[in-house]
There are 2 protein chains.
Amino acid sequence: MSDADLRHARLYETLRTRICLLDYPPGTKLGEEALAAEFGVSRTPLRRVLARLADEGLLETRHGVGTLVTDVEPSELAHIYALRMELAELSGRLSPREITPEVLDRARAFVEEARALQAAPDPRAFAELNLAFFTFGLTLTANTPLAEIAERLYLRTARIWLARIPSLDLARECEIFAAEVRETLAALEAGDAQAAGLVRRAHVSMSYGRLVG
Amino acid sequence: MSDADLRHARLYETLRTRICLLDYPPGTKLGEEALAAEFGVSRTPLRRVLARLADEGLLETRHGVGTLVTDVEPSELAHIYALRMELAELSGRLSPREITPEVLDRARAFVEEARALQAAPDPRAFAELNLAFFTFGLTLTANTPLAEIAERLYLRTARIWLARIPSLDLARECEIFAAEVRETLAALEAGDAQAAGLVRRAHVSMSYGRLVG
DNA sequence: AACATGCGGGTTGTGTACAACCTGTCTCGT
DNA sequence: ACGAGACAGGTTGTACACAACCCGCATGTT
């Protein structure tokens, strides 16, 4: 991978994280000049990154106005969650990878981290751990297009969900998450990747229920 | 929509069509300067379009070498087809739109066009009609994220399939396609969008079988 | 003959200046 | 007082020049 591609990837992931973890809440105006200065590049390569984020629906650029972080419409939120449920099931059914001891170790580590989080709930730590666990789940299928699509949909809605966590019960969300992680580990220990997908599907569904309910 | 966005959309669709309908077969080197001259713009806005096509996996840009039309690996082809099968089913099950008389009219028109194609098989006409029918199928669900994803996956693999049509039997492919269109119409006339999705799923599956078999 | 090396042409990546555009404000006329 | 229109400031879009890079070829060395 070339030098330019690496810079591009770093910028992309940095900005994407900032958007999805609410460092830039929906409606924030970004400003190409300022960002370019912060990262020590000119506007040109930065615009390449912003264009990609805009294509993925995380940003919206308006000529003469600015580059704004998007919000998600309730109806679109419903569509995306419906899709995510189905993709969660597919990620356990299509081209499952072998469940190696390393995978089980990672799952057990997540159980520990979730337990620690539950003991000391924190919104930011919750968001990061949730993202990490989601990414781990994507590694269970060898179907890379499926993994990429599922990731994009998750990132598209994660910030909406995070923004509402305060109005829900953070401690309860942590508890539910810890339970999901434990159930996933149990499924993997039984060698049943499909069950892990169903666990995820169920939790996506319930999460949406709490979100809109 | 602004002026710049319209230009961008036109360029994007034009180039995407050229790639997916094999005007630019895999491996073709595009050349930014030449394309920019053809469309009467500078390299800058053109590069914005090429970047998007690269993000979607249709192009690959290599510094100092050129912008190349990508190929699709057999293993990735398998993954994408597996996904497309599932998404076809979902497109009939998730948020189905009302089947209006206009929808039925369009379906009947496709039956006629498919019949005409069958009478006079032509690779290019086949490719275009197939794309049009696929796009029509996407309008049957109100779940826009699902439709977008399914479209992207179709466009990603369509050219590989088209490239192999000559080594298959064009007349037979036209015949099978005409049957798919008729079956879809029958499902829609019965008011059963889910059945239409299953028809599509079955044909995606069989199409892949003929492709690799 | 085989191989290393430098060079030249061609291509994409980056920086910069300017054009196009939107929005809030201020002024002027009614 | 109120509204229309011009203006100014700030932002993204475009064009162009140059840097960085890859590849094939010629040349010289062993």
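Only heavy atoms go into these numbers, but all of them, side chains included; no hydrogens, no water, no symmetry mates.
- Scanning for salt bridge (Lys or Arg N to Asp or Glu O under 4.0 Å) contacts around A/E60 gives A/R62, with sequence neighbours left out.
- Evaluation of the salt bridge (Lys or Arg N to Asp or Glu O under 4.0 Å) rule for A/D5 yields no partner, not counting sequence neighbours.
- Only one option out of A/I19, A/L68, A/T17 pairs with A/Y24 in a side chain to side chain contact (heavy atoms under 4.5 Å, CB included); it is A/I19.
- In terms of phosphate contacts, B/S42 brings a side-chain nitrogen or oxygen within less than 4.0 Å of OP1 or OP2 of D/dA15.
- Residue whose closest nucleotide on DNA chain C sits further toward the 5' end, between A/R7 and A/R43: A/R7.
- Contact footprint of chain B on DNA chain C: nucleotides with an atom under 4.0 Å from a non-hydrogen protein atom, first to last in 5' to 3' order, C/dG10 to C/dT14.
- Nucleotides of DNA chain C nearest to B/D3 and A/V41 differ in position, and the one nearer the 5' end is that of A/V41.
- Near DNA chain D, defined here as any heavy-atom distance below 4.0 Å, there are no residues from residues 8-19 of chain B.
- Residue B/E38 qualifies as enclosed at atom CD: its count of foreign heavy atoms under 6.0 Å is above 12.
- Taking every heavy atom of residues 45-68 of chain B and every atom of DNA chain C, pairs under 4.0 Å involve B/R47, B/T61, B/R62, B/H63, B/G64, B/V65, B/G66, B/T67, by number.
- Residues satisfying the salt bridge (Lys or Arg N to Asp or Glu O under 4.0 Å) test with B/E76, not counting sequence neighbours, are B/R156.
- More than 12 heavy atoms of other residues, nucleotides or ligands lie within 6.0 Å of CZ in A/R18, so this atom counts as buried by the packing criterion.
- Using bins of under 30°, 30° to 60° and over 60° for the plane-to-plane angle, the ring pair B/Y154/B/F134 lands in the parallel bin.
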